[in-house]
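Working notes for the structure below.
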Amino acid sequence: MTYAKPLPVPDADSAHFWAGCRSHRLLLQRCRSCGTHRYPAGPVCPACRSRAVDWIEASGRATVFSWIVVRHPVPRDLYQDEVPYVVALVTLAEGPRMATNIIGCDPDAVTAGMAVEVVFREATAEIALPCFRPVLAGAR
Amino acid sequence: MWNLRDKYCIAGIGSTEFSKASGRTVLDLASTACLAALDDAGVSPDEVDGIVSFHFNDSVPAIAVATQLGVPAVRYAVDTAGGGNAANLIVLQAVAAIEAGLAETVLCYRAMNGRSGFRLGGGRDMSAHGITQYTAPFGWITYPQAMAMWCRRHMIEYGTTAEQLGQVAITARANAVLNERAMQRLPMSMDDYLASRFIVDPFRLYDICLESDGACAVLVTRADRARDLRQRPVHIMGGAYGGGPNQGEDLFDALRWPDHSHNYARYIAADLWGKAGVGPADVDVAEIYDCFTYSVLMQLEGLGFCREGEGGPFVADGNIARDGPLPVNTHGGLLSEAYIHGFNHVIEAVSQLRGHAGARQVPDAEIALTTAGAMTCGSALVLRR
Ligand SMILES: [Zn+2]
């Protein structure tokens, strides 16, 4: 079955990130000059304007910063079987924020500050999407 | 250094009717609104030498409109790419152009078939290039979905409630009931609001603005000239455009915004009031960008009408009602009049200051605020009669 929903189109800035996702590793840029982590990937560190960068594997731990529950599907044909679904901004333990889906959780059970961890969802053979699920109490 | 207070005026205003299906081209809508603004001012198209608009790849170029109007010599033309954030910016562009000697008489317009043609509220680029690769693959696609994220942050941070959001919607509707141009004129109660279905939680249907076909235009010229024209001139006291750090790549990209519990308004407040030489307490009527209910709360807070986080209680206490201390969106706003991307707010502000607002007139309105923008950047004007 073909995957009809939007798929990321990696570019020279983001290729490393999406390649990491494909191997189920959440990779972030870390500025070699000032140590600031950044996401989305970009050519210049906005904090110190350095172009020197290392890619590091993030812990995959995050907290929910904000979230929405999509109930009306747009476009309908792509999302009518998905609703209700949760889109969230999560704050990674390393600092940056990501847009993602919260999965493995009742949409009405999402709360601010909830601890979540990355879990990769295969979209196609080339693309895995970094989603997040609640960290169960007592885990780790 | 702004030394232009009251030096420029809005001398004419014009609108088409607002509808769901105009049956007309965007070029027709734009030309009609511009001609209406010129007629209102008593200025011939022969005298126009500047034309400015903003678009979201859904409009017609300024020079195309000038061509329709038979403008003999265009000396200044700008098509600003932008969302509602640009609605007041284009008026400032007109002022800047005249001040710089690039033009004398400048038309500003926004025209769109926003319901029957290109629907901003629907999907956007599904190909997920650029910044979209970090958002769309998660089913985060539409503007209601984008801005619901901001609204939720405000609720998390400040305890803002559905009833407080609803107060913005029903206040707008109460005003629209009195506005013959408004697209939604059926009275709405809080129960009606709360009973409307969730589109993207926390947004119900009535938190979301209309989609509209239509156009609005204004004519900007020097105050000394405006005084000799047909209408009582409305003076531009001051204006500002901008936002905070980390605005991202486009309007949707707010991944790096400091905190979505506030928006652009706090970053332009000092600039705006400083230029205008007045403050929030001096405003008699405020047309505040309301693509969604929450954005009114954030702008009331950011511009200093109430303290940060107190927008919800402020509107719930009746402060923004037509007979309250700060009448807001007296035409019904984008929520109930029409969505002409914020430019209909400018038309309404001028109508109020002229005393031409009919049944919805705020008595003796002397100073008006118009704002445009809901997220990382925006613009605002302070006008006086
Ligand atoms: Zn750096």
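Below, chain A is the first sequence line, B the second, and so on; all start at residue 1. What you see below is based on every heavy atom in this structure, not just the backbone, and it leaves out hydrogens, waters and symmetry mates.
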(request) Identify which of Pro84(A), Ala88(A), Pro73(A), Pro46(A) forms the greatest number of heavy-atom pairs closer than 4.5 Å to chain B. (result) Ala88(A)

(message) Nearest 0.5 Å, please: how far is CD1 in Ile68(A) from CZ in Phe203(B)?
(response) 9.0 Å

(message) Report which part of Ser14(A) has an atom under 4.5 Å of a heavy atom belonging to chain B: side chain, backbone, both, or neither.
(response) both

(request) Compare every heavy atom of Ile156(B) with every heavy atom of Phe65(A), then report the nearest pair and how far apart it is. (result) O-CD1, 3.5 Å

(message) How close do Tyr85(A) and Gln145(B) get, counting heavy atoms only, and between which atoms?
(response) OH-NE2, 4.0 Å

(message) Which heavy atom of Arg71(A) sits nearest to which heavy atom of Phe198(B), and what is that distance?
(response) CD-CB, 3.6 Å

(request) Below 4.5 Å from any heavy atom of chain B, which atoms of Ala4(A) appear? Answer side chain, backbone, both or neither. (result) neither

(message) Is Leu89(A) in contact with chain B via its backbone, its side chain, both, or neither, using a 4.5 Å heavy-atom distance?
(response) both

(message) Restricting to non-hydrogen atoms, name the atom on Gly139(B) and the atom on Val87(A) that form the minimum distance, rounded to 0.1 Å.
(response) O-CG2, 4.1 Å

(request) Indicate the atoms forming the closest heavy-atom contact of Pro40(A) with Ile131(B), along with that distance. (result) CG-CD1, 3.7 Å

(request) Kindly say whether Arg152(B) contributes a backbone atom to a donor-acceptor pair with the side chain of Ser66(A) at under 3.5 angstrom? (result) no

(message) For Ala123(A), which atoms come within 4.5 Å of any heavy atom of chain B: side chain, backbone, both, or neither?
(response) neither

(request) Give the ring-plane orientation class for Tyr134(B) versus Trp18(A), where under 30° counts as parallel, over 60° as perpendicular and anything between as tilted. (result) parallel

(request) For residues Ala128(B) and Pro6(A), report the shortest heavy-atom separation together with the two atoms involved. (result) CB-CB, 4.4 Å

(message) Give the interface residues of residues 254-261 of chain B toward chain A, defined by a heavy-atom separation under 4.5 Å.
(response) Leu255(B), Arg256(B), Trp257(B), Pro258(B), Asp259(B), His260(B)

(message) Under 4.5 Å from any heavy atom of chain B, what part of Leu78(A) do you find: side chain, backbone, both or neither?
(response) side chain

(message) With rounding to the nearest 0.5 angstrom, report the CZ to CZ distance, Arg121(A) to Phe138(B).
(response) 10.0 Å

(request) Tell me, for Pro130(A) versus chain B, whether the close heavy atoms (under 4.5 Å) come from the side chain, the backbone, both or neither. (result) both

